[in-house]
Amino acid sequence: ELDKDKVSENKNLENVQNTFENLKYSGQDLKGNSYEIESEYALIKKDSPDSTFMYGGVIAYIYLTDGRIVKIVSEIANYNRIEQNMSFEENVIVIEAKNKLNSDNLDFNTKQNFIIAYNNVEFENEEGLIFADKIIVDLTSKTSKISMYDNKQVRAKILKWMDPKNSVYLNLKPNLY
């Protein structure tokens, strides 16, 4: 649910330069990937004129040059129009093919092509389920780094595991720990 206090805090009229409804930005990075981000409502604050605070049904699409499409949904986002970076908050959902990620926060860096999901991260696909504090996804190399704060262990339930020696998937049914 949308954090009305956070929205009210950002809508402080003394600090608002412009307000918008049904706003949409689109762009392309240096590697040829394109993106779109849109929301029902948005505003630009006087003290941060390079950023747009977006709220109410935020949806972003990242169209990667290899044909993959990443969809990001959240209640709140901040889009830096100069750096073209995006930060998402509250009920963040990311969908890419058969992969689904939920988190409290997510940052997308367009120059480095990284997604960093943090705080209450849950990642799920047909191979399993992972609970972590932070996941960094490199969209170019298609690799991820998964970690917990305070050196705790990542919790995972692996349903399939690829044996690198035989290049076959093994079906596993372990308990979630």
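Positions are given from 1, in the same order as the sequence printed here.
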Margin query: With a sphere of 6.0 Å drawn around NZ of Lys31, does it hold more than 12 non-hydrogen atoms of other residues, nucleotides or ligands?
Written below: yes

Note to self: Looking at Lys24, I'd like to know if its NZ atom is crowded, meaning that more than 12 non-hydrogen atoms belonging to other residues, nucleotides or ligands lie closer than 6.0 Å.
What the structure shows: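 For Lys24, atom NZ is not crowded (no more than 12 foreign heavy atoms under 6.0 Å).
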
Notebook entry, point to check: Among Asn119, Asn120, Asn91, whose side chain to side chain donor-acceptor pair (under 3.5 Å) with Asp104 holds?
Noted result: Asn120

Next item on the list: Say whether Asp50 and Asn80, considering side chains only, have a donor N or O and an acceptor N or O under 3.5 Å apart.
Entry: no

Next item on the list: For the pair Asp66 and Arg68, find out whether any cationic side-chain nitrogen is under 4.0 Å from an anionic carboxylate oxygen.
Entry: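 Salt bridge between Asp66 and Arg68, a charged N being under 4.0 Å from a carboxylate O: yes.
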
Next item on the list: Please lay out, stage by stage, how Leu30 and Lys111 fare under the test side chain to side chain contact (heavy atoms under 4.5 Å, CB included).
Entry: CA-CA 7 Å; Leu30 297 174; Lys111 288 186 176 45; 5.9 Å; no

Item checked: Test side-chain contact (heavy atoms from CB on, under 4.5 Å) applied to Phe108 and Asn85, Val137, Leu139, the passing residue ->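 Only one option passes, and that is Leu139.
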
Next item on the list: For a side-chain contact (heavy atoms from CB on, under 4.5 Å) with Ile135, tell me which candidate from Ile115, Leu101, Val94, Ile116 qualifies.
Entry: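 That would be Leu101; it is the only one of Ile115, Leu101, Val94, Ile116 passing the side-chain contact (heavy atoms from CB on, under 4.5 Å) with Ile135.
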
Note to self: Has Thr110 got a side-chain atom pairing as donor or acceptor with Gln84's backbone, closer than 3.5 angstrom?
What the structure shows: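 Checking the backbone N and O of Gln84 against the side chain of Thr110, a donor-acceptor pair under 3.5 Å is found.
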
Margin query: Under the rule for ring-ring contact (aromatic ring centres under 6.0 Å, His included), what residues qualify as partners of Tyr25, not counting sequence neighbours?
Written below: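 Tyr25: ring-ring contact (aromatic ring centres under 6.0 Å, His included) contacts with Tyr79.
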
Margin query: For residues 136-155, which residue pairs pass the ring-ring contact (aromatic ring centres under 6.0 Å, His included) check, not counting sequence neighbours?
Written below: none

[atom1] of [X] to [atom2] of [Y]: how many Å apart, nearest 0.5 Å?
X     : Y     : atom1 : atom2 : value
Met86 : Ser51 : CE    : OG    : 12.0 Å
Ile44 : Asn18 : CD1   : CG    : 5.5 Å
Thr52 : Leu43 : OG1   : CG    : 8.5 Å

Checklist line | Heavy-atom check, side chain of Phe53 versus side chain of Ile76, under 4.5 Å | finding: yes

Check: Same hydrophobic cluster for Ile37 and Phe20, using side-chain heavy-atom links shorter than 4.5 Å among ILVMFWY?
Finding: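 Same hydrophobic cluster.
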
Check: Do Val92 and Ile146 share a hydrophobic cluster, counting only Ile, Leu, Val, Met, Phe, Trp and Tyr and linking them when any side-chain heavy atoms are less than 4.5 Å apart?
Finding: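 They do share one cluster, since a chain of ILVMFWY contacts under 4.5 Å joins Val92 to Ile146.
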
Next item on the list: Identify, with sequence neighbours excluded, every residue that meets salt bridge (Lys or Arg N to Asp or Glu O under 4.0 Å) alongside Arg81.
Entry: none

Next item on the list: Indicate the ring-plane relationship of Tyr61 and Tyr63, choosing parallel, tilted or perpendicular according to the 30° and 60° boundaries.
Entry: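 Taking Tyr63 first and then Tyr61, their aromatic rings lie parallel (interplane angle under 30°).
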
